[in-house]
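First the structure, in the form of structure tokens, and then the observations on it.
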Amino acid sequence: MNIFEMAQIPFNQAVEAMKLDQGVRDIIANPERTLEVSIPVNMDDGSVKVFTGYRSQHSTILGPAKGGVRYHQNVSMDEVKTLAFWMTCKCAVAGLPYGGGKGGIIVDPSKLSLREKEALTRGFIDKIAPIIGEKKDIPAPDMNTNAQVMGWMMDEYSKLTGQFEPGFITGKAIIVGGSLGRTAATGRGVVVAALEALKLKGIAPAEATAAVQGFGNVGSWTAKLFCDEGVKVVALSDINGAIYNADGFDCYKVDEYVQKTGSVVGYPGSKEISNAELLSLPVTVLAPCAMELQITAENADKVQAQIISEGANGPTTPEADEILAKKGVLVVPDILANGGGVTVSYFEWVQNLYRYFWTEEDVIERQNALMRSAFKEVVAAAEKYGVHMRVAAYIVALSRLIEAMKIRGIIH
Ligand code: GLU
């Protein structure tokens, strides 16, 4: 089974619970459009290398396609299509006026010089330019892409159209139309989701402990904001390994250490543990913020956390979901828990359209309110349909998509 088919298992469970027609299911199960492009790049050593990239517009039922672009050696069309499908559902759960999309380039960006990376980025935009735009499809950062990459993309697209185009892309630096609060937004959402889940379980943040897998943008902000909320973060990790301290980390200090050394490993006063150990620690909250497919049929039974708040896209397999549900672990699914990034991307886009910018307090307040209300809607759907939160999140998303399809006459 490929990742695209696997991702549809909880979605199909939602279709079943809602007793939907096969045809309606099929509309949402398949991307509207997926483009594959070849990008030639003149490399520093004088050679020419051709890279493969994708942009999948999964749905434009609720608005323009929206979603990030990732640079990774394991990118595939199936993965991009799956991530685009998740974006559609994520935006619909949050109630944003967006469809879903995703892009990716098959490349290990750590092997590129800055100049090569810029050339690749500009080449990618040249190739996908016909299908993107402020009202069509709005890219953003994802794995291994950041505000600098967004800046190059914005510049290239502005050159192609001959006008200043901040609203065609989000996750930009503030000086070119980015939003305050965007960098921390995904991590903030993971923490908001975890705090709501703690409330459901009647646990105070000060009594809770957390383990965070991954220390990229999402993981590092999740960890730091957990610290702000008084949650004791006892374990952290990155691709080089995992660290543990029963007394809890000052995650801001760990971040400073990572800026200097490049890894969490070796942080003073920490004990090195394995990634498998991190996932099975007896913590209150586990926040997988790294990659897809981390909690599987093989290790789900070992999970001792009471709550999982998913910062990564697709960190838990459908088999693991069943095991965790039986164990009574409350899983706040990715399409709800990591929707903070795209939520603040939406705020950035709104600010770009108005050319009027909000304070960071405004952004945070609106993000918190929006995510808390999405969380409550998903909990209500879970109760109404007697399903776990992942299936409930798909039910909320599907309800919105179906309502819009009916009004637009896509279905009768
Ligand atoms: N890449 C992020 C995600 O997977 C953010 C997407 C966006 O802001 O459009 O949710």
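Along the sequence shown, residues are numbered consecutively beginning with 1. In each ligand, atom 1 is the first atom listed, and ligand 1 is the first ligand listed.
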Among protein heavy atoms, which sits nearest to [atom], and what does the distance come to when rounded to 0.1 Å?
{"atom": "atom 9 (O) of ligand 1", "value": "K66 NZ, 2.9 Å"}
{"atom": "atom 10 (O) of ligand 1", "value": "K90 NZ, 2.7 Å"}
{"atom": "atom 8 (O) of ligand 1", "value": "S345 OG, 2.6 Å"}
{"atom": "atom 7 (C) of ligand 1", "value": "A140 CB, 3.3 Å"}

Item to check | Donor on one side chain, acceptor on other, T82 and E79, under 3.5 Å | outcome: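 Side-chain D/A pair, T82 to E79: absent.
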
Next on the checklist: Under a plain distance cut-off of 3.5 Å, with no hydrogens placed, do S179 and Q351 share a side-chain donor-acceptor pair?
Outcome noted: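 S179 and Q351 do have a side-chain donor-acceptor pair below 3.5 Å.
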
Any ion pair linking [Y] and [X] (charged N to carboxylate O, less than 4.0 Å)?
{"X": "E292", "Y": "R70", "value": "yes"}
{"X": "K327", "Y": "E322", "value": "no"}
{"X": "D137", "Y": "K66", "value": "no"}
{"X": "K199", "Y": "E196", "value": "yes"}

With heavy-atom distances below 4.0 Å as the criterion, list the atoms of ligand 1 near [X].
{"X": "N313", "result": "4 (O)"}
{"X": "V342", "result": "7 (C), 8 (O), 9 (O)"}
{"X": "M87", "result": "3 (C), 4 (O), 6 (C), 10 (O)"}
{"X": "D142", "result": "1 (N), 2 (C), 4 (O)"}
{"X": "K102", "result": "1 (N), 3 (C), 4 (O)"}

Measuring from non-hydrogen atoms of [X] to any atom of ligand 1, is the shortest distance under 4.0 Å?
{"X": "P139", "value": "no"}
{"X": "G67", "value": "yes"}
{"X": "M143", "value": "no"}

Item to check | Contact (N/O only, under 3.5 Å) between I138 and ligand 1 | outcome: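 There is no such contact.
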
Item to check | Sub-4.5 Å side-chain heavy-atom contact between T316 and L324 | outcome: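 A side-chain contact exists here, since the closest heavy-atom pair is under 4.5 Å.
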
Checklist entry - Counting heavy atoms not belonging to K302, are there more than 12 under 6.0 Å from its NZ? => result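 Open.
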
Checklist entry - Hey, is R182 touching ligand 1 through its side chain, its backbone, both or neither, going by heavy atoms under 4.0 Å? => result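 Near ligand 1, R182 shows its side chain, while the N, CA, C and O stay back.
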
Checklist entry - Which bit of V344 gets closer than 4.0 Å to ligand 1, counting heavy atoms only: side chain, backbone, both or neither? => result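 It is neither; nothing of V344 touches ligand 1.
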
Checklist entry - Can the positive tip of K224 be found less than 6.0 Å from the middle of the six-membered ring of W221, inside 45° of the ring normal? => result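 Output yes; distance and angle both within limits.
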
Next on the checklist: Parallel, tilted or perpendicular, judged at 30° and 60°: which one describes the rings of F85 and Y394?
Outcome noted: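 The arrangement is parallel - the two ring planes meet at less than 30°.
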
